*Asks:* 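This is the structure I have questions about; it appears just below.
Note that the structure is predicted; figures quoted are calculated from it, not measured. The sequence lines fix the lettering, A, B, ..., with proteins before strands; numbering per chain opens at 1. Computation of the quantities below employed the complete heavy-atom set of this structure, encompassing side-chain atoms and omitting hydrogens, waters and symmetry-equivalent molecules.
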Amino acid sequence: MSQSPCALQIEGLTMQFGGLKAVSEFKLELPAGKIYGLIGPNGAGKTTVFNMLTGVYQPTLGSIQVWGQPVIGLKPFEITKKGIARTFQNIRLFKQLSVLDNVMISMDEDPSRPHHGLLPSLFRTRQAVYDEERAEVDCSELLGIFGLDHRKDDLASSLPYGDQRRLEIARAMATGAKLLLLDEPAAGMNPHETEKLMATIEKIRTQFGMTILLIEHDMKLVMGICERISVLDYGVRIAEGTPKEIQGNPRVIEAYLGKAPEQSKTPAATSINTGDLK
Amino acid sequence: MTTHPLTHPQSKTGLQSLWVWIAAVAVVWIFQFFFVGYVDPYYFSIVMYSGINATLAVSLNLVNGFTGQFSMGHAGFMSVGGYVSALTTSLVVAKYPGIMGVDAGGPGIEGAILLVGALFLGGLVASLAGFLVGLPSLRLKGDYLAIVTLGFGEIIRVIVLNLNVVGGARGMANIPALTNFGWVFSVCIFTVFTIWRIVNSAHGRRFLSVREDEIAAEAMGVNTTAVKVRAFVMGAFFAGVAGGLFAHYLRYLNPQTFDFNRSFEIVIMVVLGGMGSITGSVLAALLLTVLKEALRPLQEITRLDFRMVIYSLMLIILMLNKPNGLMGTREISDVYQSFREKLRVRFGANQGSDQKGAKK
Ligand SMILES: Nc1ncnc2c1ncn2[C@@H]1O[C@H](COP(=O)(O)OP(=O)(O)OP(=O)(O)O)[C@@H](O)[C@H]1O
Ligand SMILES: [Mg+2]
């Protein structure tokens, strides 16, 4: 392995839905330990990129390497075991299960943790019970990072919206993956919650060495924590660079502002508008 | 990560955790040996059917309640297990009539071994059928899956109708009387034990994750395909065993025994008890079996099958008032806990406020 292994290498990634090219020739190199952003107007193809990375969609063309291993053609659950996990734009928690169970389900699948067959679970062998209890302790600890440990016995659906988004991140981390794909983690959060979330994302990066690719419309968050940003517009990557470069890029500004006026009501457009463009 | 405070498991392990179940089985056999003879045969038959139905309901709950795959073909699996095991024992007994212990006053240890072997075989073949039916569940959801599984039950019925080796439409008679109270309830306890333990382990959480959100489960690394097939295979196994017990108790099978009404009955038990509640399924199975018998005189007087009308009415009333069934996804132990909690809050106000104060 090289000194700084690439968490994610994407080349020529294309997704065709009938006549619509939702993503064309997308490319990205995400080194381990970095936080990158993926932005673009509504319908630009951001979520589609995530869906291809996680095996939900089969790309029409292109190659994806996760931690140096090709993943195209694998099923979603197999890709997750290669060390990549995601959250969903429209929250998809296990609603009628407890907060703890939500995280436990992921941790059970972590390939680096011990697994037990049916019989040891049936007869509660010492080792099986021990491992189960240890997983519970680890899950509580993980929930603690997100400030959710005091609610671990509550139903996931009973959490406030912001906490549900945070639980989704915790659940993705519990898979043992070191590469996280976050699809609009701050959507629907108030500024205070967003700030808290930014701090948490920074924390999991530094404390657990997570690599993160995030989609976000909240420009304050994106510009604040992403080291580099890719911009998609109509499925095409129109820019890539540091937050500064992106803010000053005329094509990006055009993509967000140079459209029909009603586009300016999207949070993205307004925040770029108010944020310094220089 | 930090070191863990755990050095030894906090919960009971191995044999330590098993004794309750072993004791339950022991009680069942004590009943079998010392008390069964004194029970009125009519009431005894209700008890036996309750045990068999509880086994069926709990095993269907694994598929419908815990994994969220709406199957309506449980009678089909029961049929497969029933016929396979009945055929096995009939053939063996025909060859070695001594097994039935006519001189000794009943089947002895050989009979027991034969029954257990035949039940196991019936369960295995049923689970093979479960595997085949589980395959469409990978592509179908909700109503579509229900229809396919319903169709499966009918296919099995039609196949049996045309199988001369098991009597075809005439039915299969003179099945050796090998089932007794002890076996029915040992199997019932074993089924509850197995499903209880599985549901409360990593394996069970996988089932639940598929029910809750298949896409999210898959994204978290759960092999949802394998989980669904496994649920069908396991559910079918226990249904097959229950079918075997049924065959060796009633001693007569015909294809009509396992028509879709039978499947409905089991589905109703699961829905009534609460999808995802094991004890709910057991309760509902007892309730409906008793109710069915209680309604029998009514049916004889009116010469109409009022049972289904009353079933349906009950379901409608229940679903209007308690859409999640009697127990929802809770177990009796949870209900007991919250009941105690309520009592404590009501009558032990001092204690309650103390605790609240301590928490804050
Ligand atoms: N399964 C699908 N079949 C057909 N078209 C699809 C499918 N999934 C996405 N699309 C289309 O692809 C385009 C990109 O959608 P995508 O969800 O990736 O956008 P996005 O950048 O995530 O937008 P948003 O910011 O609104 O979440 C849209 O035009 C969408 O309608
Ligand atoms: Mg999206």
*Asks:* Let me confirm one number: the CZ-CG distance from B/Arg197 to A/Leu118, rounded to the nearest 0.5 Å.
*Replies:* 13.0 Å
*Asks:* First locate atom CD1 of B/Ile215, then atom OG1 of A/Thr54, and finally report the distance between them rounded to the nearest 0.5 Å.
*Replies:* 10.0 Å
*Asks:* Report, as yes or no, whether the 6.0 Å neighbourhood of atom NZ on A/Lys95 holds more than 12 heavy atoms from other residues, nucleotides or ligands.
*Replies:* no
*Asks:* With a 4.5 angstrom heavy-atom cut-off, is it the side chain or the backbone of A/His116 that approaches chain B, or both, or neither?
*Replies:* backbone
*Asks:* Pick one of side chain, backbone, both or neither for A/Phe88, based on which atoms fall under 4.5 Å of a heavy atom in chain B.
*Replies:* side chain
*Asks:* Which distance, rounded to the nearest 0.5 Å, do you find between the CG of A/Leu100 and the CZ of B/Arg205?
*Replies:* 8.0 Å
*Asks:* Around atom CZ of A/Arg92, are there more than 12 heavy atoms from other residues, nucleotides or ligands closer than 6.0 Å?
*Replies:* yes
*Asks:* When rounded to the nearest 0.5 angstrom, what is the spacing between CG in B/Asn223 and OG1 in A/Thr80?
*Replies:* 11.0 Å
*Asks:* Among A/Leu97, A/Asp110, A/Asp131, A/Thr125, which residue forms the greatest number of heavy-atom pairs with chain B at distances under 4.5 Å?
*Replies:* A/Leu97
*Asks:* State whether the side chain of A/Gln96 and the backbone N or O of B/Glu212 hold a donor-acceptor pair below 3.5 Å, judged by distance alone.
*Replies:* no
*Asks:* More than 12 heavy atoms of other residues, nucleotides or ligands under 6.0 Å from CZ of A/Phe17: is that the case?
*Replies:* yes
*Asks:* Could you tell me whether B/Phe193 atom CZ has more than 12 heavy atoms of other residues or ligands within 6.0 Å of it?
*Replies:* yes
*Asks:* Which residue is it: A/Ile105, A/Asn102, A/Asp101? I am looking for the one with a side chain to side chain contact (heavy atoms under 4.5 Å, CB included) to B/Ser209.
*Replies:* A/Ile105
*Asks:* Between B/Asn200 and A/Glu132, which heavy-atom pair has the shortest distance, and what is it?
*Replies:* O-OE2, 4.3 Å
*Asks:* Which heavy-atom pair separates B/Gly221 from A/Glu109 by the least distance, and what is that distance?
*Replies:* O-OE1, 3.1 Å
*Asks:* Between B/Thr194 and A/Leu122, does a side chain to side chain contact (heavy atoms under 4.5 Å, CB included) hold up when you go through it step by step?
*Replies:* CA-CA 6 Å; B/Thr194 307; A/Leu122 215 51; 3.7 Å; yes
*Asks:* Please report the interatomic distance CZ(A/Phe94) to CG(B/Leu208), rounded to the nearest 0.5 Å.
*Replies:* 9.5 Å
*Asks:* Kindly compute the distance separating CE (B/Met220) from NZ (A/Lys81), expressed to the nearest 0.5 Å.
*Replies:* 12.0 Å
*Asks:* Taking atom CG of B/Asn321 as the centre, report whether more than 12 heavy atoms of other residues, nucleotides or ligands fall under 6.0 Å from it.
*Replies:* yes
*Asks:* Sort A/Thr175 into side chain, backbone, both or neither according to what part of it lies under 4.5 angstrom from a heavy atom of chain B.
*Replies:* side chain
*Asks:* Heavy atoms only: give me the nearest B/Leu18-A/Phe123 pair and the separation to one decimal.
*Replies:* CD1-CD2, 3.9 Å
*Asks:* Within the supplied structure, the quantity of interest is the number of heavy atoms (other residues, nucleotides, ligands) at a distance under 6.0 Å from B/Phe131 CZ; does it exceed 12?
*Replies:* no
